[in-house]
Amino acid sequence: MDVTGYFCKVELSYHKADDIDMQTLDAKDLPLLFRRRYGAEPLVFRAPGRVNLIGEHTDYNDGFVLPAALDLSTYAAIAARSDRMIRVHSVNLNSDFAFDLDEPQSRAGAWSDYICGVALELEKSGYRLRGADIMVFSTLSMGSGLSASAALEVAVGYALLSVSGEEIDLLDLAKICQRAENDFVGMRCGIMDQFISCHGVEGAALLLDCRSLEHRTVPIDPSVRIVICNTMVHHELAGSAFNERRRECEEAVALLSSSIKGVMALRDVGVEQLEAHAARLPATIFKRARHVVSENARALAAVAALETRDFTEFGRLMNASHESLRNDYKVSCAELDLMAELARGVPGVYGARMTGGGFGGCVVALVEAFATAHFADAVGPAYEKATNLSPMIFTCFPGPGAGPAIF
Ligand code: ADP
Ligand code: MG
């Protein structure tokens, strides 16, 4: 990770350990912490977070997305047990829980849900898991829209399958983790986060068709950088509004499918087609649909722009995506708008937009490589002055998907 000037150390709450400086804890320290807690030698697996370059709120509409896996990741250290107990410790939260794979669990409304959900879905899908002691540690800030949740699910799912001697099919794992988040955690997310956490490619973004799950790598040209600016806010609305948007999209599909043949999802509707049927939709539902339909078109156009090195056009599409998310989909907030605006004002920035579900979290910008040197100093102090919040700004280099951790 190329850390620019305004970078603040990854914000995590650590508990104390004698000879490890918990403030500078690195994933490499995980085996030592694990041995101390559980008295066994662990295997360590890693699953990355992601940044979505364009195609926001399109995945659950069977549409197109362009995410890249991050080097920021969640690590799961694991050792099998002889029984069917799962014990988990989160280093970030300094919190523990345990459950028996043979006793049905119900949702607790806590971080443990992500792990119970994955274990439950794996077993439902026919995998037979062994009990295990697990320690998780993430270098991602949670709830910042970089998908710490999917990284946790995939890292733990990968780890559980590995120690259980089960073969790992990454596509199956991604689908199982999505089901865990949908059905157990209760967040009706699409497949994007889990898919990219499993299938990330170093130095590239992935164009993913969320209906067919066909995908192709789109290399990031070395002359540009992806810069992520964490606003450091997370508005409570995020979870409930997400499910509400999903319901609104379903309403749009129900109304449109009665007059346009073959509409199964908003993916099947074109921009002009939607305009022509505007009268059939309540004003709010029309706006939500207009975002999704136009965003699908922008995602495809953005891939073409990236592949022809037309970064100006890519940046224009990023800016348009942000406006659409703000005005039509209404998932932005004052801090995201400000951060995007400040980023766009920096020389060498092609475009900037909110990324992730919204209501806080991060802005992503496409920046000329040489311009990253002054980017953080231009954006950071101005953002802090206006909001009293110290943002975290960093350049990301797309990394590989889930697998054994390599230190
Ligand atoms: P995002 O996926 O954008 O980071 P979410 O709200 O979907 O935001 O997921 C964040 C949640 O995932 C946290 O509140 C926590 O419950 C869980 N989580 C993620 N990483 C960890 C971790 N390392 N330890 C414990 N819980 C985690
Ligand atoms: Mg999430």
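First listed ligand is number 1; within each ligand, the first listed atom is number 1.
Looking at Asp96 and Arg37, a side-chain N of the basic residue comes within less than 4.0 Å of a carboxylate O on the acidic one, giving a salt bridge.
Within a 6.0 Å sphere centred on CD of Glu41, heavy atoms belonging to other residues, nucleotides or ligands number more than 12. For Lys330, the NZ atom is densely surrounded, since the number of other residues' heavy atoms within 6.0 Å is greater than 12.
Taking distances strictly below 2.8 Å, the protein N/O/S atoms close to the Mg ion (ligand 2) are Ser149 OG.
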*Would Tyr75 and Phe34 count as a ring pair (Phe, Tyr, Trp, His ring centres under 6.0 Å) if you check the C-alpha gap in whole Å, the side-chain angles of each, and the deciding distance to 0.1 Å?*
CA-CA 12 Å; Tyr75 296 83; Phe34 189 97; over 10 Å; no

For ligand 1, list all ligand N or O to protein N or O distances below 3.5 Å, rounded to 0.1 Å.
from     : atom 1 : to     : atom 2 : distance (Å)
ligand 1 : 2 (O)  : Ala148 : N      : 3.2
ligand 1 : 2 (O)  : Ser149 : N      : 3.1
ligand 1 : 2 (O)  : Ser149 : OG     : 2.9
ligand 1 : 3 (O)  : Gly145 : N      : 3.0
ligand 1 : 4 (O)  : Gly143 : N      : 2.7
ligand 1 : 4 (O)  : Ala148 : N      : 3.0
ligand 1 : 7 (O)  : Ser149 : OG     : 3.1
ligand 1 : 8 (O)  : Gly143 : N      : 3.4
ligand 1 : 23 (N) : Asn92  : OD1    : 3.0
ligand 1 : 24 (N) : Ser90  : OG     : 2.8

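Among all heavy-atom pairs drawn from Leu325 and Glu56, the shortest one is CD1-CB, 3.8 Å. Between Glu335 and Thr387 the shortest heavy-atom distance is CG-CG2, 4.5 Å.
For the salt bridge (charged side-chain N to carboxylate O under 4.0 Å, His left out) criterion with Glu323, the lone passing option out of Arg298, Arg344, Arg353 is Arg344.
Between Phe370 and His374, the ring planes are tilted. Angles from 30° to 60° get that label. Below 30°, between 30° and 60°, or above 60°: for Trp111 and Phe97 the angle between ring planes is above 60°, a perpendicular geometry.
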